[in-house]
Structures are given as structure tokens and as C-alpha cells.
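In listed order, ligands and their atoms are each counted from 1.
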Amino acid sequence: MKIAVYGASGFTGGLALAELSRRGIAAVAVGRDAERLSESADRAGAQDADLRIAGLADHAALVEAFRDCDAVLNCAGPFALWGEPVVRAAIAAGSHYVDTTGEQGYLRHVLDAFDADARRAGVTVVPGLADDGGPGDLIAALVAARLGDVDDLLVADLRRPGAVSRGTARSMAAAEGAVPLEYRDGGWAPAPADETGRTIVVPGEPDKAEVASFALPGVVTVPRHVRARRVRGAIRAEVAALFGSLSAEAVESVPERPDEASRAAARWLMVAEASDRSGRTVRGEVTGTDAYGTTAVIAVEGARRLVADGAPAGTRTPAEAFDPADLLGFLEASGASWRVEAA
Ligand SMILES: NC(=O)c1ccc[n+]([C@@H]2O[C@H](COP(=O)([O-])OP(=O)(O)OC[C@H]3O[C@@H](n4cnc5c(N)ncnc54)[C@H](OP(=O)(O)O)[C@@H]3O)[C@@H](O)[C@H]2O)c1
């Protein structure tokens, strides 16, 4: 099995190279800059990785770089700016595709725009296989399965501020101004501003946290496999305020790679809470540390499963492509834990 990492010179791309090396999977590091690719492969301890140069404007070079690869893992963001050429080239090369985006608009676009092409090519495309979109979609599927008839489903990313990479800050700044969506009565619409001011119980914390509507991946992915009247996304209000105030200068002051100590200290936490028309509520939680390390683990495992186990061709959400409980169970080896229970 051979997996290509596009954007392998970046922070997340480097972690993906390290994870492929740890798993004993042949890696192809692809990007636009030979020196940065080589430095990243060295830092990742992935000196065996095959280095290939292909810029985003050169479709033929991208296809050539991916041609003998079973899957492509795209880590080059902001995806709204740079994602599409990589998806197109992966499909043209006959490779499965996963990426680490958390950008709602891009995710929706890929799921809608590339389904027919991916089916024709016989490959599976799973955008949003990162520490928020992956666990969020998987836990929502398990919560909904316990409830049956879902009226309202909230996906919440309840991590505290901190341990963010410059690439994430750049992607958040690029998405600034995009109105968060919610799913309501069969379609997507701008989330009402009145969601701000709501509070939510946070596992392990004495006080409820204030949350604000946010453009989370789950709002786009969950309605593709859960029949619900309404699906909403929210994050802590303090994190939403931070993302909302990111200037270009502030982005450039964020460290390129958060250090290992702050990564290990920061907990990520995805919650899915759903109720039916009678008010019965089921809640699911997935949590762990080292969000970026977890992103590399789930993205590499997802790509590996597409190649080894197969999945229906086309664009798929994580919960459509993989068995949700089994993939969450896989994350336990990296320190994640999860549960689903009546609230
Ligand atoms: N949803 C989540 O939870 C989650 C988790 C992890 C990462 N992510 C996302 O993953 C993305 C990467 O994050 P990061 O921290 O790894 O960022 P990063 O360190 O800045 O890396 C960005 C990568 O994209 C490449 N790139 C940028 N512009 C390019 C262009 N015009 N042409 C070709 N390559 C280009 C860079 O290549 P050069 O080295 O040549 O500049 C680099 O390899 C971000 O969008 C981030 O939000 C999301």
C-alpha cells in the first residue's frame, strides 16, 4: 500500500508522514517546495518517503505524482483556496482521497461536486477526516442510532482555546465572514444568530459553558446519514470570539507548529446531543489530547481502510465510509475515549 500526502511540508502533513512511517505504510510526500518537503520528512523520521514536486496549478504534475498511490491524504489548507485541485487530481489518478479540512463550505462543496466523478473513477472521497469532523460525525451517527427518530441534533466542539497551528489560524481567518449553516427541514440555511448565549454541560467541568453557533463540519456531514429535522453546530463562545477577531498579523504571530507540551496538555472534545419529538435525549462524547496527532492518526487510518477494506465509491462522510464504533474504538489506542448514553 502506498499513500501520498499532499502538503507534506506543513505541520499536519509532517505528522501524517510520521504516522505513515510508524504504521509501516509507504509514503509519498508531495508539495511545491523540495527543500521544505525534505526538511519535513527528516523531522518526521520518514526519510524513506518518496519526495515528489507538484504545484496546485499543474494538474498533469499532480496526477502524475499520485498515479501509483492507492490513496491521497491532503493536508494543504486553507482548503477553500487550495483543496479542489488535489481532489480533482486524486480522482483522475484513480486514488482514494481523504483530507483534514474543518471548513464547512469547502466540505459541502466537495461532497456535492465530486460524487459523480468519484463514482465513475471507482474511488471514495472522504473530506473532513480530522479531530473535529471525524469524531463529530462518527459520534453523531451512534447517538442518532440510539434514538431512532431525531428531531434536533447539536454537534458541539467544546475544546478550550490553545494549541492551534498557524495553518489552522490561517484557515479560520480565510473562512471569516462565512455565515455558519444549520440544517433545517430538509435543507441548509444560515444559522440564526439567537443561538449565541446558549449554555451546555461540559463533561468534567463544574459549570456549563456558553456556546455560539459555528460552522462545524458535522452540520454538513450528519444530515447525509441521519434523518433529523434540525442539525446545528456550536463551539465555546470564547473560542468563537478568538477566531472571529483573527487579523492577518495575528495569524502570522501564531507558531507554525504548537509545541508537544501544549499539544499534550490541550484536550479536544466533541459532543453530539440529540432529542426526539417526545423530548427523549441521547448524548455522546469523544475526547482525547493532541488534536493534531489525532488528526494524523484518524486520517491515515481512514485512508488505509479505504484501500484495505474498501468503501462505496463516491463522496462519503466519515460515518458513511467507516463503521463509526469501530473507528472510534481504533482511536482509543491513541488515548481517546468515548461514550453514548441517555441524558
Ligand atoms: N479540522 C481540524 O481539526 C484540522 C486539524 C488539523 C489540520 N487542519 C487543517 O489542515 C490544514 C493544514 O494545517 P497545518 O497546520 O498543517 O498548516 P501548515 O503548516 O501551514 O501547512 C500548510 C501546507 O499547505 C501547503 N500549501 C500552502 N499553500 C500552498 C499552495 N499555494 N500550493 C501548494 N501547497 C500549499 C504548504 O506548503 P509549503 O510548505 O510549500 O508552504 C504546507 O505544506 C489547515 O487548513 C488546517 O485548518 C484541520
Side-chain angles (χ1 to χ4, degrees), residues 4-19 29-41 43-44 49 51-59 61-62 65 72-86 89 98-107 110 126-137 155 157 159 163-176 214-218 220-221 233 235 239 243 246 251-252 254-259 263 266 268-270 286 288 290-300 302 318:
V5 178
Y6 194 81
S9 55
F11 172 50
T12 310
L15 295 177
L17 287 182
E19 178 63 7
V30 192
R32 58 180 172 175
D33 184 303
E35 204 176 314
R36 279 180 58 76
L37 281 180
S38 167
E39 282 167 9
S40 180
R43 202 165 36 236
L51 309 188
R52 298 180 186 172
I53 307 305
L56 295 174
D58 191 342
H59 177 71
L62 282 172
V72 173
L73 195 179
N74 187 12
C75 299
F79 288 85
L81 300 179
W82 301 315
E84 210 173 318
V86 184
V98 304
D99 71 36
T100 63
T101 192
E103 296 162 47
Q104 194 181 71
Y106 164 82
L107 197 48
V110 169
V126 187
L129 204 48
D131 61 278
D132 52 357
D137 194 52
V155 181
D157 182 335
R159 78 192 68 199
V164 159
S165 73
R166 189 182 304 160
T168 293
R170 199 175 279 138
S171 298
M172 288 298 137
E176 169 62 3
F214 197 76
L216 285 186
V220 165
T221 58
I235 63 173
V239 179
F243 283 147
L246 275 174
V251 166
E252 295 314 313
V254 173
E256 198 174 340
R257 288 181 288 274
D259 61 67
R263 278 167 52 195
W268 57 270
L269 169 63
M270 298 300 301
V286 200
D290 186 8
Y292 289 93
T294 303
T295 291
V297 168
I298 194 171
V300 164

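- The two residues Gly233 and Leu216 have their closest heavy-atom pair at CA-CD1, 4.3 Å.
- Within the structure, salt bridge (charged side-chain N to carboxylate O under 4.0 Å, His left out) pairs that include any residue of residues 165-174 comprise Arg170-Glu252 (at least two apart or interchain).
- Not one N or O on the side chain of Asp137 forms a donor-acceptor pair closer than 3.5 Å with the backbone of Gly218.
- For ligand 1, the protein residues within 4.0 angstrom (heavy atoms only) are Tyr6, Gly7, Ser9, Gly10, Phe11, Thr12, Arg32, Arg36, Leu56, Cys75, Ala76, Gly77, Phe79, Trp82, Thr100, Thr101, Gly102, Glu103, Ala130, Asp131, Asp132, Ser165, Gly167, Thr168, Arg170, Ser171, Tyr292, Thr295.
- Applying the salt bridge (charged side-chain N to carboxylate O under 4.0 Å, His left out) rule to Glu103 yields no partners; only residues at least two apart in sequence or on another chain are considered.
- Contacts of Ala130 classified as side chain to side chain contact (heavy atoms under 4.5 Å, CB included), with partners at least two apart in sequence or in another chain: Thr100, Asp132, Thr295.
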Arg36 vs Glu256, salt bridge (Lys or Arg N to Asp or Glu O under 4.0 Å): CA-CA, chis, key distance, verdict: CA-CA 13 Å; Arg36 279 180 58 76; Glu256 198 174 340; 3.4 Å; yes
